[in-house]
Amino acid sequence: AQKVTQAQTEISVVEKEDVTLDCVYETRDTTYYLFWYKQPPSGELVFLIRRNSFDEQNEISGRYSWNFQKSTSSFNFTITASQVVDSAVYFCALRRALTFGSGTRLQVQP
Amino acid sequence: ETGVTQSPTHLIKTRGQQVTLRCSSQSGHNTVSWYQQALGQGPQFIFQYYREEENGRGNFPPRFSGLQFPNYSSELNVNALELDDSALYLCASSLESLNEQFFGPGTRLTVL
């Protein structure tokens with residue numbers, strides 16, 4: 001069975017603060033993929049990143065960075081210098097069958 | 001390149017009725033997955049279609065059924081609607097079954 005846990009239900013920060021969204025997963029698969037999606041108020045899920053289980057290199061894309069640690073089954077997402085436009089619900093997901101966490105609602109205050 | 005589209009945007013049905021939701025996959029994508037997202041929760045996997053065949057199913061009853069057409073568009077059918085079926089139904093397409101999925105805007109179904 002697969003499971004994704006996003007323990008932070010809601011986070012509120014002030015603009016320009018850094019924020020880290022936690023994701024812990026469980027799977028018996030030896031090969032799997034991890035994803036992060038953003039869901040703004042419009043409702044459409046926006047793909048952010050895919051990570052293979054055999055690639056533990058951290059990734060940075062602009063203000064976004066991801067820390068994948070297989071030893072602790074975690075795939076955390078950090079937004080540096082947060083902006084109001086980052087306000088959304090963020091989902092971590094695990095594949096082979098795409099299993100989503102319950103999401104973390106991020107509120108960035110101006 | 002056209003993204004994933006879904007129709008209708010909103011739908012209101014009554015208990016016991018049947019509903020059909022439609023999804024057009026992104027150009028070049030051969031895999032379509034359907035998800036149900038209840039308010040305040042993460043999407044739940046319903047099933048996936050790959051090259052017109054069902055390729056995996058989540059924990060949903062048989063009254064949730066689907067179809068994928070030769071052009072890779074897809075339908076989700078729900079029979080005997082229940083109040084708990086009220087949710088946002090999301091369709092996602094991908095090139096091959098394990099690649100990243102791109103989501104449509106969803107259909108919001110309300111069952112009264």
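Naming convention: chains lettered A, B, ... in sequence-line order (proteins, then strands); numbering from 1 in each chain.
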Tell me whether the count of non-hydrogen atoms from other residues, nucleotides or ligands lying under 6.0 Å of [atom1] in [X] goes above 12.
X	atom1	answer
E53(B)	CD	no
K3(A)	NZ	no
L112(B)	CG	yes
R15(B)	CZ	no
R105(A)	CZ	no
L83(B)	CG	yes
N71(B)	CG	yes

**OP:** Please answer whether the main-chain N or O of Q101(B) pairs with a side-chain N or O of Y37(A) as donor and acceptor at a distance below 3.5 Å.
**Re:**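 Yes, because the side chain of Y37(A) sits within donor-acceptor range (under 3.5 Å) of the backbone of Q101(B).
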Original post:
Centres of the F103(B) and F47(A) rings: under 6.0 Å?
Top reply: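 Between F103(B) and F47(A), the centre distance exceeds or equals 6.0 Å.
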**OP:** Taking all non-hydrogen atoms of both residues into account, name the closest pair between G43(A) and L90(B) and its distance.
**Re:**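 Distance-wise, the nearest heavy atoms are O-CD2, 4.4 Å.
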Original post:
CZ of R95(A) to OG of S94(B): how many Å apart, nearest 0.5 Å?
Top reply: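 One finds 5.5 Å between CZ of R95(A) and OG of S94(B).
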Subject >> Spacing of E44(A) atom CD and L88(B) atom CG [to the nearest 0.5 Å] >> reply: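 If we round to the nearest 0.5 Å, E44(A):CD and L88(B):CG are 10.0 Å apart.
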Original post:
Could you walk me through whether E100(B) and L48(A) pass the side chain to side chain contact (heavy atoms under 4.5 Å, CB included) check?
Top reply: CA-CA 10 Å; E100(B) 54 266 35; L48(A) 296 178; over 6 Å; no
**OP:** For F100(A) and Y35(B), run side chain to side chain contact (heavy atoms under 4.5 Å, CB included): C-alpha distance rounded to whole Å, both residues' side-chain angles, the deciding distance at 0.1 Å, then the answer.
**Re:** CA-CA 10 Å; F100(A) 281 83; Y35(B) 296 85; 3.8 Å; yes
**OP:** Report the C-alpha separation of F91(A) and Q37(B) in whole Å, then their side-chain angles, then the decisive distance to 0.1 Å, and conclude whether the side chain to side chain contact (heavy atoms under 4.5 Å, CB included) test is met.
**Re:** CA-CA 12 Å; F91(A) 291 98; Q37(B) 186 178 20; 3.4 Å; yes
**OP:** Against chain B, label Q6(A) side chain, backbone, both or neither, depending on which of its atoms sit under 4.5 Å from a heavy atom there.
**Re:**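 When you check distances to chain B, no heavy atom of Q6(A) falls under 4.5 Å.
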